[in-house]
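Residues take their numbers from the sequence shown, with the count starting at 1. Note that the coordinates shown come from a computational prediction; the quantities given were computed from them, not determined experimentally.
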Amino acid sequence: MHIEKIEYGPEKTGMWSNVAFALVILLTLLATVITGSIFWKILSSDAEMAATRSFIEEVGTLLAYLLFDLGAIIYLYVKGLLRDEYVTTLE
């Protein structure tokens with residue numbers, strides 16, 4: 001099987017695509033803040049504090065928030081902004 005032609009669907013327009021774009025920008029800024037917070041916590045703490053359970057739980061919680069945030073960015077990009085593709089193949 002080989003690809004004959006790839007057709008692109010209509011460009012995403014309307015209110016949903018504008019909202020998705022704004023949310024992607026805001027979530028990207030939020031991901032930057034969360035990542036900076038993780039680095040700041042790790043770099044600014046001493047070894048005794050970094051070995052405690054509460055420190056590990058805080059960093060783990062921030063990593064979970066970051067993972068959720070990145071998943072939301074990918075979802076909004078695919079569903080709200082990415083154009084649909086149609087592939088025509090020959091067999």
Side-chain angles (χ1 to χ4, degrees):
M1 177 177 15
H2 62 279
I3 296 174
E4 170 72 21
K5 181 178 167 185
I6 298 177
E7 299 176 9
Y8 294 99
E11 191 169 327
K12 303 277 179 143
T13 58
M15 188 180 89
W16 170 245
S17 66
N18 292 336
V19 169
F21 180 74
L23 284 175
V24 165
I25 297 298
L26 289 175
L27 290 172
T28 303
L29 293 174
L30 180 64
T32 305
V33 169
I34 293 172
T35 304
S37 177
I38 290 170
F39 280 128
W40 181 255
K41 280 188 180 296
I42 291 172
L43 295 176
S44 68
S45 64
D46 57 347
E48 291 176 2
M49 188 180 122
T52 62
R53 181 182 177 101
S54 63
F55 178 82
I56 296 170
E57 287 176 352
E58 286 179 24
V59 171
T61 304
L62 286 174
L63 286 172
Y65 288 148
L66 182 62
L67 183 65
F68 180 78
D69 189 32
L70 294 176
I73 290 170
I74 291 170
Y75 176 79
L76 286 171
Y77 179 73
V78 169
K79 287 302 228 180
L81 299 176
L82 191 64
R83 291 171 44 170
D84 298 327
E85 294 182 10
Y86 306 101
V87 178
T88 306
T89 58
L90 292 176
E91 295 187 30

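A distance of 10.5 Å separates OG1 of T32 from CG of L27, quoted to the nearest 0.5 Å. The CG atom of L82 lies 12.5 Å from the OG atom of S17; values are rounded to the nearest 0.5 Å. Rounding to the nearest 0.5 Å places CE of M49 at 6.5 Å from OG of S44.
In this structure, L66 is not a member of the same hydrophobic cluster as F68, with clusters built from ILVMFWY side-chain heavy atoms closer than 4.5 Å. Placement of L26 and L67 in two distinct hydrophobic clusters is found when ILVMFWY residues are connected by side-chain heavy-atom separations under 4.5 Å, directly or transitively.
Using a 4.5 Å heavy-atom threshold, the side chains of I42 and I38 count as touching. When side chains are defined from C-beta on, L81 does not count as touching L76, because their heavy atoms never get closer than 4.5 Å. Looking at Y77 and I74, their side chains never come closer than 4.5 Å, going by heavy atoms from C-beta outward.
Counting heavy atoms of neighbouring residues, nucleotides and ligands inside a 6.0 Å radius, atom NZ of K41 does not exceed 12 of them.
For the residue pair I56 and A50, the shortest heavy atom distance occurs at CG1-O, 4.0 Å. Nearest heavy atoms, L62 versus I34: O-CG2, 3.5 Å. L70 approaches A31 most closely through the heavy-atom pair CD2-CB, 4.3 Å. Taking each heavy atom of T52 and E48 in turn, the nearest pair found is CG2-O, 3.5 Å. The minimum heavy-atom distance linking D69 with L30 is given by the pair OD2-C, 3.8 Å.
Between the side chain of S37 and the backbone N or O of V33 there is no donor-acceptor pair closer than 3.5 Å.
Considering I25, N18, L23, V19 in turn, I25 is the only one that fulfils the side chain to side chain contact (heavy atoms under 4.5 Å, CB included) rule with F21.
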